[in-house]
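Encoded as C-alpha cells, the structure appears first; notes follow it.
Quick caveat: nothing in here was measured; it's all calculated off a predicted structure. Counting starts at 1 for both ligands and their atoms, following the listed order.
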Amino acid sequence: MLVIGVLAGLATAAVAYFIPWLPDQGAKEAVQIDNVYWVATIICIVIFGIVAGVTIYSVFKFRARPDDEEDGAPIHGHTGLEIFWTAVPTALVTAISVYSGVVLVGNEKVQKNHGVVEVTAQQFAWSFTYPDEGITTGELVVPIGRQVELKMTSKDVIHSFWVPEWRLKQDVVPGVTTRLLVTPNKLGTYDVICTELCGLGHAAMRARARVVEPAEYAKWVQDVKAARAQGGTAQGKELFTSAGCGGCHTLADAGTSGQVGPSLDQALKGKDAAFVRQSIVDPNAVIAQGYQPNVMPQDFGSTLSKAQIDGLVEYLLKATGGGG
Ligand code: CUA
C-alpha cells in the first residue's frame, strides 16, 4: 500500500514539477501567490498519494474471487476514523486560508510614493488615466519596480481586470471603486484580460500592459503629451495606438495587428472623411461584412474631444490612402 501510494505521489509530483504550468512571474506579488499555490498543490499531492494507495491496494486485495460467494462482514461506522478524517482536512483547509490571508495582507501594504492609475472598463475596452501626468491612454504603461495602485471602475457592467504574469485579478464594478496594488518587477509587454463575461465582445476585451524603465516611462509621458499638443495626424496616430483602436484593428501604418474588428487597411480604403468619422462616433451605422454590431464602444463621440476625433480622421485617411 505504501509503495503504491509513494509511486502515485511521485508520478503526480513529476507532472506538477516538470510541466511549466504557470506563466512568468512579472511582479513582486506573484512570488508569494505562487508559493501559496504550490503549498496547496503539495498538500493535494500527498492526499492523492494516500487515497490512491489505499484505493488501488483495496481493489486488488479485496477483489471477489471465483469461489467467494459470501458478503463481507457488516460494519457500522468507526468513530475514531470519522474524527480523524474530519479533523485533518479541517486543519489543512484552515492552514491554507490563514497562509493565503497573510500573503494577501502583505501584498496589499501600500508603499510610500507609489503611483496611481485610474482604470476604466466599458464594453469592450480599457482606458487608463494617470492623474499625476494628466493623460489618458488605452495601454497601461508603468515603470518597473514602483508599486502602482490601480483604482478601477466600470461605465456599464461588471468586468474583471487580470494580468496573468502579475497573478492579480480584481472585479471592476459600476458605481464602486475597487483597487489593486501591484509592483511590476519584470520588463515586458503583457496582456490585460477581462475575465468576467461582459457581453458579445468579452473575449476581445484586452489591452496591453507595458512595464518599462523609469526613464522610458518619463519619455513616453512626454511623447503622449507632445503628440496631443501638436494635434492633427501626429495626435491621431498617437491616439490610435493609445486609445485602444489598435487592440482591435489592424493598421499597417501604426504597426497594429488586432483581429477583432475589420482591418482598417482594407475597410477604409478609398473611403472619405465622413465615412471615417461616422465609423468612429456611430460604429453601428455601417457594419463590415462578417462582423457584429455593438462590439466597438459607442461613446467615442463623447469621450474624445472634437480635436481628437478630427486628428484621428485625418490620420486614418492619410494612413489608408483615402480621399478627404
Ligand atoms: Cu469586460 Cu469581459
Side-chain angles (χ1 to χ4, degrees), residues 22-24 26-27 29-30 33 116-131 135-142 148-182 184 188-211 239-251 256-264 279-285 287-288 290-304 308 312:
L22 300 176
D24 285 348
E29 292 77 5
I33 290 171
V116 174
V117 178
E118 292 160 8
V119 179
T120 305
Q122 70 181 109
Q123 291 167 319
F124 299 96
W126 298 97
S127 69
F128 306 96
T129 299
Y130 303 72
I135 54 174
T136 299
T137 65
E139 64 173 356
L140 175 60
V141 181
V142 286
V148 58
E149 180 182 8
L150 303 176
K151 295 184 176 174
M152 310 196 275
T153 193
S154 165
K155 284 186 186 172
D156 38 45
V157 300
I158 300 177
H159 305 270
S160 184
F161 177 99
W162 183 42
V163 176
E165 288 79 1
W166 294 349
R167 302 293 192 278
L168 297 163
K169 187 151 84 168
Q170 179 64 274
D171 278 359
V172 186
V173 183
V176 176
T177 301
T178 51
R179 55 201 283 277
L180 198 62
L181 284 157
V182 58
T189 301
Y190 307 101
D191 282 331
V192 175
I193 299 171
C194 179
T195 57
E196 185 76 48
L197 183 59
C198 54
L200 199 57
H202 160 68
M205 188 170 162
R206 295 192 172 210
R208 272 191 320 184
R210 278 201 298 132
V211 180
L239 264 178
F240 185 84
T241 46
S242 76
C245 316
C248 290
H249 294 287
T250 295
L251 181 65
T256 63
S257 55
Q259 302 282 329
V260 176
S263 157
L264 299 185
S279 300
I280 296 170
V281 300
D282 185 14
N284 282 353
I287 296 297
Y291 294 88
Q292 303 250 30
N294 298 321
V295 173
M296 180 165 156
Q298 307 288 304
D299 62 352
F300 281 126
S302 56
T303 57
L304 297 176
Q308 287 177 318
L312 259 180

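With hydrogens and angles ignored, the 3.5 Å screen pairs no side-chain donor or acceptor of Y130 with any backbone N or O of T137. Remark: side-chain polar atoms of H159 are not paired, donor with acceptor, to backbone N or O of T195 under 3.5 angstrom. For the pair N294 (side chain) and N284 (backbone), a donor-acceptor distance under 3.5 Å is absent.
With sequence neighbours excluded, the residues forming a side-chain hydrogen bond (donor to acceptor under 3.5 Å, both in side chains) with T129 are T136, listed by chain and number.
Closest of all the heavy-atom pairs between F128 and V117 is CB-CG1, 3.9 Å.
Protein atoms of type N, O or S found under 2.8 Å from atom 2 (Cu) of ligand 1 total 4.
Side-chain polar atoms of T250 and S263 form no donor-acceptor pair below 3.5 angstrom.
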